[in-house]
> 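Can you read through this structure? Questions will come right after.
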Amino acid sequence: MNEVLREEKKYLMTIADGQRLCGLLGKVMAEDEHNGPLGYRIRSLYFDTPDERDYCDKIEGLKLRRKIRLRIYDPEADFAMLEIKQKEGVYQKKRSLRLRREDAQRLIECDYSPLLDYPEDFAAECFGLMHSFCYRPKTIVEYRRRAFIAKEN
């Protein structure tokens with residue numbers, strides 16, 4: 001399992017402004033090794049409860065909330081990432097677990113039992129949440145990302 005705690009900032013901008021910003025960032029930061037000329041594609045499948053509890057928590061602006069998603073970076077890959085993002089004040093905690101493609105497919109079919117085969121406590125936690133609260137696939141979000149990494153001094 002991987003865990004990251006970060007503060008995210010999101011901005012709405014035009015494509016031209018985005019291209020200009022990428023040019024500036026490229027001068028002071030390293031490009032992510034996965035970037036192509038247009039970055040790389042990300043596809044996420046978000047899960048939620050029948051009453052859309054996670055979505056409603058976001059709309060209501062609750063300071064403590066979560067999202068559960070499956071994420072892929074390449075449609076041909078043999079794995080997917082199962083992630084829980086938790087908002088804690090201004091910070092986002094993201095925990096993720098690499099799943100075999102066939103196990104991810106079973107989650108999409110609402111069979112969460114493959115999670116019990118993974119030794120990580122995070123897998124058992126995801127199973128408990130998804131099974132107890134009847135999480136179901138709800139929304140697919142796909143976009144291209146061009147990522148940069150701060151250079152070390």
Side-chain angles (χ1 to χ4, degrees), residues 1-12 18 22 25 29-153:
M1 186 208 45
N2 185 35
E3 182 173 307
V4 176
L5 184 65
R6 64 184 175 202
E7 186 175 354
E8 291 185 354
K9 302 283 187 184
K10 297 179 181 177
Y11 302 93
L12 186 61
C22 283
L25 289 174
M29 300 178 83
E31 286 214 37
D32 184 297
E33 65 182 82
H34 299 102
N35 281 353
L38 300 173
Y40 55 93
R41 184 169 53 170
I42 295 174
R43 183 183 299 158
S44 298
L45 171 62
Y46 288 86
F47 291 78
D48 207 340
T49 62
D51 63 350
E52 298 184 337
R53 170 194 251 159
D54 295 351
Y55 175 74
C56 290
D57 287 353
K58 178 180 176 57
I59 295 302
E60 292 172 14
L62 294 184
K63 293 198 183 292
L64 297 175
R65 59 183 188 260
R66 74 170 161 251
K67 298 179 203 175
I68 300 176
R69 69 183 179 205
L70 274 175
R71 175 168 274 190
I72 60 169
Y73 299 93
D74 175 0
E76 304 302 318
D78 62 353
F79 72 95
M81 301 301 291
L82 176 62
E83 301 178 343
I84 294 182
K85 284 183 71 173
Q86 294 170 280
K87 182 81 168 170
E88 298 178 4
V90 298
Y91 293 102
Q92 295 252 343
K93 179 166 65 172
K94 181 178 83 170
R95 296 180 292 154
S96 57
L97 176 68
R98 186 177 171 132
L99 299 179
R100 293 179 293 272
R101 183 184 184 103
E102 56 271 15
D103 294 339
Q105 183 60 47
R106 288 179 59 190
L107 266 61
I108 292 168
E109 297 163 1
C110 299
D111 175 6
Y112 307 127
S113 64
L115 294 172
L116 299 174
D117 296 332
Y118 289 81
E120 294 86 346
D121 291 341
F122 179 65
E125 178 185 346
C126 289
F127 174 83
L129 282 170
M130 296 175 84
H131 183 73
S132 298
F133 294 103
C134 300
Y135 273 82
R136 298 291 182 260
K138 291 283 187 161
T139 304
I140 295 174
V141 175
E142 184 172 328
Y143 59 94
R144 296 196 74 78
R145 171 191 288 169
R146 188 142 174 229
F148 295 87
I149 301 165
K151 295 178 181 176
E152 293 191 35
N153 295 331

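What you see below is based on every heavy atom in this structure, not just the backbone, and it leaves out hydrogens, waters and symmetry mates.
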> Restricting to non-hydrogen atoms, name the atom on A150 and the atom on M29 that form the minimum distance, rounded to 0.1 Å.
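Between these two residues, the closest heavy atoms are N-CE, 3.4 Å.
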> Going by the rule side-chain hydrogen bond (donor to acceptor under 3.5 Å, both in side chains), which residues pair with R100 if we only count those two or more places apart in sequence or in a different chain?
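Per chain and number, R100 pairs via side-chain hydrogen bond (donor to acceptor under 3.5 Å, both in side chains) with D103.
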> Do you know which two heavy atoms are closest between R144 and G39, and how far apart they sit?
NH2-O, 3.5 Å
> Rounded to the nearest 0.5 Å, how far apart are CZ of R69 and CD1 of I84?
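It comes to 11.0 Å.
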> Name the atoms and distances for all side-chain donor-acceptor pairs under 3.5 Å in residues 73-81, with sequence neighbours left out.
residue	atom	partner	partner atom	Å
D74	OD1	E76	N	2.9

> Identify, with sequence neighbours excluded, every residue that meets side-chain contact (heavy atoms from CB on, under 4.5 Å) alongside D48.
E52, R53, D54, Y55, Y135, K138
> Once side-chain contact (heavy atoms from CB on, under 4.5 Å) is applied, do any residues pair with Y11, and if so which ones, sequence neighbours excluded?
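Y11: side-chain contact (heavy atoms from CB on, under 4.5 Å) contacts with K9, M13.
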> What's the separation between atom CZ in F122 and atom OG in S96, rounded to the nearest 0.5 Å?
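Output value for this atom pair is 7.0 Å.
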> List the atom of F133, the atom of P50, and the distance in Å for their closest heavy-atom pair.
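Smallest interatomic distance, heavy atoms only, reads O-CD, 3.6 Å.
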> Taking all non-hydrogen atoms of both residues, which atom of S113 and which atom of D111 are closest, and how far apart?
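S113 and D111 have their closest heavy atoms at OG-OD1, 2.6 Å.
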> Does atom NZ of K93 have more than 12 heavy-atom neighbours, drawn from other residues, nucleotides or ligands, at distances under 6.0 Å?
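More than 12 heavy atoms, drawn from other residues, nucleotides or ligands, come within 6.0 Å of this atom.
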> Over all heavy atoms of both residues, which pair between Y118 and R98 is shortest? Give the atoms and the distance, please.
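Closest heavy-atom pair between Y118 and R98: CE2-O, 3.7 Å.
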> Using 0.5 Å steps for rounding, measure from the OH atom of Y40 to the OH atom of Y143.
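Here the rounded value is 7.5 Å.
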> Does H34 have any side-chain hydrogen bond (donor to acceptor under 3.5 Å, both in side chains) partners at least two apart in sequence or in another chain, and if so, which?
D32
> Please test L70 against L99 for side chain to side chain contact (heavy atoms under 4.5 Å, CB included), starting from the C-alpha separation and ending with a verdict.
CA-CA 9 Å; L70 274 175; L99 299 179; 4.0 Å; yes
> Which distance, rounded to the nearest 0.5 Å, do you find between the NZ of K85 and the CD of Q92?
4.0 Å
> Answer yes or no: is there a side-chain heavy-atom contact under 4.5 Å between Q105 and E109?
yes
> Nearest 0.5 Å, what's the CG-CZ distance between D57 and R66?
8.0 Å
> Report the distance from atom CZ of F47 to atom CG of L82, rounding to the nearest 0.5 Å.
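Nearest 0.5 Å value for the CZ-CG distance: 7.5 Å.
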> Any Lys/Arg nitrogen of R146 or E31 sitting under 4.0 Å from an Asp/Glu carboxylate oxygen of the other?
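The answer is yes: the pair qualifies as a salt bridge.
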> Which pairs with one or both residues in residues 113-127 pass salt bridge (charged side-chain N to carboxylate O under 4.0 Å, His left out), sequence neighbours excluded?
R95-E125
> Could you walk me through whether C22 and F148 pass the side chain to side chain contact (heavy atoms under 4.5 Å, CB included) test, one step at a time?
CA-CA 9 Å; C22 283; F148 295 87; 3.9 Å; yes
